[in-house]
Amino acid sequence: MTAQPQDFLSDAPGPVKSLRAIRAALVVRQDREAFDAGLKAVLDEVRVNLDLGALNDFVHRWWISACDSARDPEGRQRMHARAEQVLAGEATTTARPWREILAERESGQ
């Protein structure tokens, strides 16, 4: 059995598990752009392979991101800003332990 996003997001309802609802929940431009590009690629794959498994996996992965975006849009924006800094080779700060970050998110700070 694997953990599902609703296990962690029980206090905040997520979007319906549909392409339209997932895309609407993606508030960060980079997420929407990646979703659109990924959707095009997965639909091309489905056309070639005639297998909807890839589409189901795509919907599930992006639904998890949409749940995160709905719960913490500022956190998603910070994540993308940080990724851009790292990709640009800018100096990085010392990483905080993930337990500290999770505890902070849970307490609402």
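Note: hydrogens, waters and symmetry copies are ignored here, and every other heavy atom, side chains too, is used.
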If you group Ile, Leu, Val, Met, Phe, Trp and Tyr by side-chain heavy-atom gaps below 4.5 Å, do Trp63 and Leu52 land in one group?
->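 Yes, because Trp63 and Leu52 connect within a single hydrophobic cluster, where side-chain heavy atoms sit under 4.5 Å apart.
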
Joint cluster assignment, Val86 & Met79, ILVMFWY side-chain distance < 4.5 Å | no

Salt bridge (charged side-chain N to carboxylate O under 4.0 Å, His left out): pairs with one or both residues in residues 42-59, sequence neighbours excluded =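 Pairs touching residues 42-59 that pass the test: Lys40-Asp44, Asp44-Arg47.
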
Go through the structure and list residues passing side chain to side chain donor-acceptor pair (under 3.5 Å) with Asp72, not counting sequence neighbours.
-> Arg105

For [X], give me all partners under side-chain contact (heavy atoms from CB on, under 4.5 Å), at least two apart in sequence or on another chain.
X	value
Leu102	Trp98
Arg99	none
Ala83	none
Gln30	Val28, His80, Glu84

Grab the two heavy atoms, one from [X] and one from [Y], that are nearest each other, plus how far apart they are.
X	Y	answer
Val59	Ile22	O-CD1, 3.6 Å
Arg76	Asp68	CD-OD2, 2.9 Å
Leu55	Leu39	CD1-CD1, 4.3 Å
Cys67	Gly14	SG-CA, 4.0 Å

Hydrophobic side-chain clustering at under 4.5 Å (ILVMFWY, transitive links): who's grouped with Val16? Put none if nobody.
->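 Members other than Val16 - counting any ILVMFWY side chain reachable under 4.5 Å - there are none.
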
Pairs satisfying ring pair (Phe, Tyr, Trp, His ring centres under 6.0 Å), at least one member in residues 20-51, at least two apart = Phe35-Phe58, Phe35-Trp62

Which residue pairs satisfy the side-chain hydrogen bond (donor to acceptor under 3.5 Å, both in side chains) criterion with at least one member in residues 18-28, sequence neighbours excluded?
-> Arg23-Asp36

Under the salt bridge (charged side-chain N to carboxylate O under 4.0 Å, His left out) test, which residues partner Glu100, sequence neighbours left out?
->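 Salt bridge (charged side-chain N to carboxylate O under 4.0 Å, His left out) list for Glu100, sorted by chain: Arg96.
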
